[in-house]
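Let me begin by presenting the structure, written as structure tokens, before commenting on it.
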Amino acid sequence: MNFKIKTYEIITQSIENAVRHGKFPSDAQLPEVRIEYPREQHHGDTSTSFSLESAKILRRSPMSIGEDLKEYISAFKEIERVEVVKPGFINLFFSFETICNSLDEIVREKDKYGFIKKDKPEKINIEFVSANPTGPLNIVSARAAAIGDTLANILEANGNIVDREFYINDFGNQVRLLGESVLARINEIKGEKSEFPEEGYHGQYVKEIAQFIIDNFENEYEKITDRKELIDYLAVKAVRFNVESQRKDLEDFNVKFAKWFSERSLHESGEVTATLSYLEERGAVYEKEGRKIFRAADYGDDKDRVVVRNDGRPTYLLADIAYHRDKIKRGYDRIIDIWGPDHHGYIARLSGAMRSMGFDDGKFRVLIAQQVNLVMEDETVRMSKRLGNFSTMRELIDEIGVDAARYFFIMRSMESHLDFDLTLAKKESSENPVFYLQYAHARICSIFREAEKRGIDLSRHNRDISYLNNPESIYLIKLMIKFPEEVYSAGQSCEPHRISAYLMKLAQGFHKFYTEHRVLSDNLTKTSTYLTLVDSVRIVLKNGLRLLGISAPERM
RNA sequence: GCGCCUGUAGCUCAGCUGGAUAGAGCAACGGAUUUCUAAUCCGUAGGUCACAGGUUCGAAUCCUGUCAGGCGUGCCA
């Protein structure tokens, strides 16, 4: 059962009945019925402000409209009580039996509870992290990884087919600089004189790459005499090294990409030039002073953007358009990109490009994973890849663990500028909210272990829902009823943090239940009823944690 | 200058796309365990929702302006 949908049905039918009986004029333009969850429990399970919104049109007081609807609403068997209060809210209270029946649904569906099957699944591509292959992944990438993977999980739970994708920027200036940096380090190790490139990468890992290449490819690169060719060779090797280590870090973070897409491959296959002619055919590109310029301003951007420089080299934008054209060609219904905050100025031009290629506006969405301030000992740590002074995702995983790290990133909305307190996350791991969730799950498992020890067999005993007629049990059941729609709306709004907030509430509800009620007792009917309840909680917790990519331990 | 994000309890942040008396965690203080795991629970305290207008039955939420912080504003990626 779904509270909102059920309430919507009841209200709209009640309105129809009222119209049929002449309470409301049949030609009135009534507003759309909206259902809300009241903040206060005593305001009902669901409520609607329909009478407030229709008062003007019907030229009647909201209270009297509510009173008219009340008799029709209370005729529904799911509804125990209807209230019309204060300014004109209609509050609905569901019957105890209706609510308790939902437990059967949860226990029956088990690990599928909250997961929807669609007749026509959407094919969704979600691209995230896509960090430059010039070094280890940093904290911002870790945040994007946690958010992107969780969002993908949620969209899958909503019945869609989701491909996770990583775009490798293995082309252009940065990569050349990486090659130069590696060359300098190789010469250094060999005791030869070498100037380190001014804009180069100073991190320790560059030395490791240099050593790695010396150990494995010395015979190959020594044959290359042309400096430019050598740098290119080293760059390719270094990129491969970095991509592999990024892939490993991400897999250890429970993130697996279906596709690693190389930017370089777009250039080599001719897709980039093909995309240019495609845009030219559509009249979206013009030439000026030897450059080719995309008419971004015609598609919502502030100004037009260069796609081919006057020396003939394509810009990053053109490659990116080619990349997204490839995604379109692969037949996705929806395309989602998650970018870092430093790219937000780029959204307008790429969305413009999508529009110019005729891709439906609402189907392309760029989300920004906002910055992360790493806080240590109450001081903000500045992160800079080039200066080599940054905290890596690898360090994060090693320090605080995957579960805690993922949870920290997911529990905040992605557009908030996150202060990540490393000392706290490390030091006080027992106070960490993620353990609170996991502990709830472990506690329930512990109850079942004890039940088994006592030889209690659930299937042999009857249940009696009257044992659930207490505030703690009712609170839990009502909350669990809302899980599927929580998953749905988190997917619709692309807000994974809602799931973590929801699970927090559920764990809270359970811990409270646990202190108030004893599950195992001599009364086998009561025991069996309670076991069904906590089993449901365990199912929902586990399903929710699975969405977040966090483990649900059976013991702690 | 222009654009994007943010501003809510001492700190970190929620607030279900406009609802009723603004919430949680942490930190502080006081209490609870002969019981299925105390990594738990209960209570107390803590607020000019940055500020000023506007929209309406009703605003933390929407519109305008101001202030503050961050980021962006390349023929870099």
Side-chain angles (χ1 to χ4, degrees), chain A residues 4 34 36-40 42-43 47-49 52-53 55-56 61-62 85-89 91 132 134 169 171-175 177 199 263 289-293 302-303 305-311 313-317 319-320 340-348 368 370-371 373 375 378 408 411-413 415-421 424 428-433 435-436 438-440 442-451 453-454 482 485-486 489-490 493 495 497-498 500-502 504-505 507-508 510-521 527 530-531 534 555-556:
Chain A
K4 278 195 175 174
R34 290 183 313 156
E36 287 153 20
Y37 289 127
R39 193 160 37 206
E40 304 290 329
H42 66 269
H43 286 141
S47 81
T48 180
S49 52
L52 288 162
E53 289 165 44
K56 227 174 206 173
S61 80
V85 291
K86 280 185 214 163
F89 291 104
N91 299 334
N132 282 339
T134 51
N169 301 133
F171 189 88
N173 258 330
Q174 321 263 4
V175 172
L177 269 172
E199 302 275 312
E263 179 187 357
E289 294 159 12
R291 304 159 301 175
K292 306 243 171 158
I293 298 171
D302 302 338
K303 52 180 176 184
R305 306 288 175 175
V306 174
V307 286
V308 179
R309 305 169 172 95
N310 53 16
D311 63 6
R313 286 154 54 230
T315 62
Y316 178 81
L317 176 63
D320 213 11
D342 48 335
H343 287 69
H344 72 241
Y346 196 81
I347 296 175
I368 296 295
Q370 273 296 342
Q371 65 186 85
N373 292 319
V375 181
D378 289 333
F408 261 69
M411 72 181 182
R412 308 302 187 202
S413 74
E415 63 264 23
S416 71
H417 301 202
L418 181 67
D419 273 7
F420 199 112
D421 191 335
L424 189 98
E428 310 193 56
S429 57
S430 65
E431 316 263 331
N432 205 313
F435 293 108
Y436 184 86
Q438 294 179 317
Y439 183 51
R443 254 184 161 177
I444 298 172
C445 292
S446 172
I447 295 172
F448 275 90
R449 276 195 299 273
E450 181 63 24
K453 217 187 283 174
R454 297 186 193 182
K482 292 177 185 169
E485 63 190 275
E486 204 71 43
S489 66
S493 58
E495 291 177 331
H497 75 275
R498 286 204 201 170
S500 69
Y502 170 87
M504 203 63 192
K505 267 201 255 172
Q508 225 160 28
F510 169 73
H511 286 308
K512 176 145 193 190
F513 168 88
Y514 185 91
T515 43
E516 297 290 329
H517 304 279
R518 242 194 117 62
V519 175
L520 305 176
S521 66
T527 298
Y530 273 174
L531 279 174
V534 297
R555 296 168 201 272
M556 284 176 77

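Letters A, B, ... are given to chains in the order of the sequence lines, protein chains preceding strands, and every chain is numbered from 1.
Here the straight-line distance linking atom CD1 of A:Ile444 with atom OH of A:Tyr514 works out to 10.5 Å at 0.5 Å rounding.
Residue A:Arg443 has a polar side-chain atom (N or O) positioned under 4.0 Å from OP1 or OP2 of B:rA38.
Annotation: side chain to side chain contact (heavy atoms under 4.5 Å, CB included) contacts of A:Tyr436 (sequence neighbours excluded): A:Met504, A:Ala507, A:Gln508, A:His511.
Relative to the side chain of A:Pro38, the nucleotides B:rA20, B:rU21, B:rC36 differ in distance, and B:rA20 lies closest.
Here B:rU40 is in the anti range [glycosidic angle more than 90° from 0].
For the pair A:Glu485 and A:Lys482, the salt-bridge criterion is not met [side-chain N within less than 4.0 Å of a carboxylate O]. Here A:Arg313 pairs with A:Asp311 in a salt bridge; the nearest charged N to carboxylate O distance falls below 4.0 Å.
Mapping A:Asp302 and A:Ala442 onto RNA chain B by nearest heavy atom places A:Asp302 closer to the 5' end of the strand. Summary of the strand contacts: A:Arg449 and A:Thr48 both lie near RNA chain B, and taking for each the nucleotide with the nearest heavy atom, the more 5' one is attributed to A:Thr48.
Side chain of A:Thr527 to main chain of A:Ser521: a donor-acceptor pair is present (N/O by atom type, distance under 3.5 Å, no hydrogens or angles).
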Each nucleotide N or O in nucleotides 41-45 of chain B that has a protein N or O under 3.5 Å away: list the pair and distance.
residue	atom	partner	partner atom	Å
B:rC41	OP1	A:Tyr436	OH	2.3

When you compare the protein's N or O atoms with those of nucleotides 17-19 of chain B, which come within less than 3.5 Å of each other, and at what distance?
none

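For RNA chain B, runs of at least 3 consecutive pairs of the Watson-Crick or G-U wobble type, with both hydrogen-bonding distances under 3.5 angstrom, map to B:1-7 with B:67-73, B:10-13 with B:23-26, B:28-32 with B:40-44, B:50-54 with B:62-66.
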Across nucleotides 72-77 of chain B, 5' to 3', mark each nucleotide with B, S or - according to how protein heavy atoms within less than 4.0 Å reach it.
S-SBBB

Which letter, B, S or -, goes with each nucleotide of nucleotides 6-14 of chain B from 5' to 3', with contact meaning a protein heavy atom under 4.0 Å?
S-----BSS

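Between A:Arg454 and A:Arg518, the closest heavy-atom pair is NH2-NH2, 4.0 Å.
Using a 4.0 Å heavy-atom cutoff across all strands shown, A:Ala348 reaches no nucleic acid atom at all. Among the protein residues, A:Val534 comes within range of no part of the nucleic acid, since none of its heavy atoms lies under 4.0 Å from any strand. Contacts of A:Lys505 with the nucleic acid, taken as non-hydrogen atoms under 4.0 Å apart, are absent.
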